[in-house]
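These notes concern the structure reproduced below.
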Protein chains: 2
Amino acid sequence: MKLTIAKIAEMTGVSKTTVSRVLNNSGYVSSTNRSKITAIIDKYGYVPDSRAISLSKTRTETIGLVIPETSGPFYAELLSGVEESLRDHEHFTLIMTFGNDKPHRVRQRYLSIMRQKRVDGMIIFDPELEITTAREASALGIPVVFLGKDFPDLPLHSICVDNFRGAVLMMEHLMRHHNYRRIAFITGPSDSQDSLERFRGYKHSLETVGIGFDDELVSRGDFTRQGAQRLYNQIIKTDADVVFASNDEMALGIIESAHDESSLNRFLPVVGYDDAIWSQFIEPPLTTIRQPMYQLGRLAGHTITETIAGKNADSVRLTLNTHLVVRRSCGC
Amino acid sequence: MKLTIAKIAEMTGVSKTTVSRVLNNSGYVSSTNRSKITAIIDKYGYVPDSRAISLSKTRTETIGLVIPETSGPFYAELLSGVEESLRDHEHFTLIMTFGNDKPHRVRQRYLSIMRQKRVDGMIIFDPELEITTAREASALGIPVVFLGKDFPDLPLHSICVDNFRGAVLMMEHLMRHHNYRRIAFITGPSDSQDSLERFRGYKHSLETVGIGFDDELVSRGDFTRQGAQRLYNQIIKTDADVVFASNDEMALGIIESAHDESSLNRFLPVVGYDDAIWSQFIEPPLTTIRQPMYQLGRLAGHTITETIAGKNADSVRLTLNTHLVVRRSCGC
DNA sequence: TCACTATATGCAACCGGTTACACACAAACA
DNA sequence: TGTTTGTGTGTAACCGGTTGCATATAGTGA
């Protein structure tokens with residue numbers, strides 16, 4: 001009993017073309033026929049088949065969003081931003097997560113699926129993106145916006161968050177406002193571009209103020225809570241004024257260790273990075289750096305639709321700034 | 001330069017049919033032609049157009065998931081469950097969020113979009129779902145699984161979480177383990193089915209144990225932190241042993257009020273419901289009820305694909321049990 | 001009266017696949 | 001030798017829309 005324009009045409013005694021014109025509100029249609037057709041559409045609740053439409057027109061009005069996962073505040077916020085932005089621009093979001101797949105298979109899978117779905121464009125946030133994948137994605141012939149990663153040599157669109165300046169922002173607060181001098185730093189895994197940038201910001205700030213960089217104050221973490229806790233004793237020995245963990249998870253690990261450790265009877269200031277959703281609820285509430293993920297998502301959606309509309313001939317490269325979120329864990 | 005089966009056919013000197021047979025690994029194809037065709041497919045990286053496929057076959061291999069939002073731990077976990085389950089069953093997930101739209105427009109929008117995308121089935125988690133919408137969705141002629149809502153009179157598939165037994169679980173802990181007698185309860189908004197069920201569990205438990213139900217101990221909340229804080233003074237006056245808030249947000253509100261209120265110099269036990277992601281981080285860590293959202297998502301994905309495969313002739317109605325998460329806020 | 005324009009409609013090809021059916025040929029069986 | 005069976009291939013219709021082009025009629029200005 002499925003209605004198609006052919007059937008509607010038959011019922012009203014006109015051609016498919018005329019029905020199509022009514023649906024798209026294009027061309028000329030006599031008011032008699034128009035009302036006959038709309039009457040049937042309303043009566044049976046006809047909804048056109050988007051597959052057929054997109055097969056005829058060349059576009060699907062769909063953008064592929066490639067992210068590791070949808071859960072977690074980080075990606076959830078990004079997703080909201082992208083989705084709302086695309087909805088405003090009358091596009092759909094096709095979400096593709098690749099979770100724990102190994103890098104190579106991932107690339108194979110997500111690019112292939114996006115192609116078979118014939119998306120009009122893609123937004124890719126792949127923390128482990130390699131240049132070969134970036135090149136391959138660009139070669140698909142559809143607009144792509146990369147998030148969080150940039151390959152300066154390639155002519156592509158990218159939007160990044162400024163990890164360097166985020167770390168500088170935090171350092172300025174610690175040094176100017178609190179007058180801390182011995183600032184311990186916990187890095188993330190060494191293959192994380194984000195972590196490297198944050199570390200660069202840390203180092204740069206120290207040098208700008210004239211405090212030398214002390215290697216003893218830097219520990220190599222892995223972005224996990226447990227990892228940070230294993231580093232706790234070693235960090236305490238350095239007698240640092242404050243611990244700057246390069247993400248919130250590790251900051252939490254340090255705070256918990258300090259809490260358990262009865263031997264430590266002074267308050268140990270700790271700050272993090274990311275503004276995880278729970279960071280305001282821990283004790284003490286965490287001072288951290290907030291990344292504008294929602295805004296990043298909206299901007300990505302905007303950029304991709306503009307590109308599709310042919311407005312971005314040149315490669316777009318944007319960098320978003322972060323915010324310092326001051327709570328109590330820094331000593332404030 | 002887009003490759004199609006027609007072009008591949010032309011290049012190899014065979015018909016479209018033969019190419020199609022190679023792609024689908026069906027029917028008979030000579031090994032000569034097969035290798036010629038696969039060579040071209042590999043060389044140019046041909047990927048078939050899913051729109052065309054789904055237009056010919058009658059199915060899209062896509063399930064529509066209707067949820068209020070993708071952010072927040074609650075829906076994010078559900079989404080992960082659904083997506084992973086559908087991936088296992090070789091289906092895609094088409095996510096449709098309706099955010100803050102007004103109920104009526106919502107229904108119009110999401111049902112219409114699902115129809116124009118010709119999804120093979122739908123999973124609907126709409127906390128404000130009305131019976132008319134449920135009826136309308138069922139009338140679409142595709143399988144639908146409703147989550148969190150059930151209309152016993154309609155022959156539909158539904159999977160719910162047992163709010164009644166969740167509340168009973170909590171009450172048993174409070175009464176048996178802690179021996180609390182005066183248990184204050186904060187309801188959610190009166191139009192929330194979830195809240196009503198939790199309240200029913202609260203009442204039922206009291207009566208089972210022989211403690212009468214005392215209306216004075218019940219306050220009407222609205223599931224928000226601020227709302228609970230406005231109720232704080234009134235609740236304190238009742239001199240309750242413990243406060244059972246019907247969600248974590250309100251529990252947090254009460255804990256914060258108790259914290260600020262220096263006049264109160266005893267520990268006020270508070271428990272919540274939902275196991276929000278931050279509930280383990282607050283001070284004291286919150287005792288609460290955990291809803292198995294991930295599992296719910298997986299089950300929903302499983303049920304819808306089974307139904308599509310024709311295995312669920314009768315209406316499927318399932319109820320998932322909740323877990324009690326004991327932390328310190330209850331006095332443990 | 002003629003040319004031109006605005007209005008109204010339909011034909012048929014096309015988008016990129018699938019599939020029922022017909023046909024051809026070889027080997028195997030009766 | 002005639003019939004069946006297993007292979008291999010192609011024709012053409014179909015899924016449900018869009019669109020370039022042709023055609024027809026009525027009204028308008030010269």
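Here is how names work: the chains are called A, B, and so on, in the same order as the sequence lines, proteins then strands, and each is numbered from 1.
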Testing C/dG10, C/dG16, D/dG17 for proximity to the side chain of A/Pro48, the answer is D/dG17
Report yes or no: is there a donor-acceptor pair, N or O only, under 3.5 Å between the side chain of A/Thr17 and the base of D/dT18? no
Would you mind classifying the nucleic acid contact of A/Ser20 as base, sugar-phosphate or nothing, using non-hydrogen atoms under 4.0 angstrom? base
Tell me the interatomic distance from A/Tyr28, atom OH, to C/dG10, atom C1', rounded to whole angstroms. 17 Å
When only distance counts, do a donor and an acceptor, one from the side chain of B/Lys16 and one from the base of D/dG10, lie under 3.5 Å apart? no
For the pair B/Arg317 and B/Asp150, find out whether any cationic side-chain nitrogen is under 4.0 Å from an anionic carboxylate oxygen. yes
Among D/dT11, C/dG17, C/dT9, the nucleotide that comes nearest once only the side chain of B/Ser15 is considered: D/dT11
Should B/Arg118 and A/Asp49 count as an ion pair when the cut-off is N to O under 4.0 Å? yes
Mapping B/Val14 and B/Leu55 onto DNA chain D by nearest heavy atom, which one lands closer to the 5' end? B/Val14
Interatomic spacing from OG1 in A/Thr38 to OH in A/Tyr46 - rounded to 0.5 Å: 14.0 Å
Tell me: CG of B/Asp49 to C1' of C/dC14, nearest whole Å? 14 Å
Taking N and O atoms by type only, does the side chain of A/Arg21 place a donor or acceptor under 3.5 Å from a partner on the base of C/dG10? yes
Quick one: A/Asn24 CG to D/dG17 P, roughly how many Å, whole number? 11 Å
Is there a donor N/O on one and an acceptor N/O on the other, under 3.5 Å, for the side chain of A/Ser30 and the base of C/dT7? no
When you measure from the centre of the six-membered ring of B/Phe125, is the NZ or CZ of B/Lys149 under 6.0 Å away and within 45° of the axis? no
Could one point to a donor on the side chain of B/Thr4 or the base of C/dG16 with an acceptor on the other under 3.5 Å away? no
Separation of D/dG17 C1' from B/Lys117 NZ (nearest whole Å): 14 Å
Remember a base hit wins even if backbone is also touched, and classify B/Ile5 as base, sugar-phosphate or nothing at under 4.0 Å, heavy atoms. base
Looking at side-chain heavy atoms only, is the closest gap between B/Thr62 and B/Asp120 below 4.5 Å? no
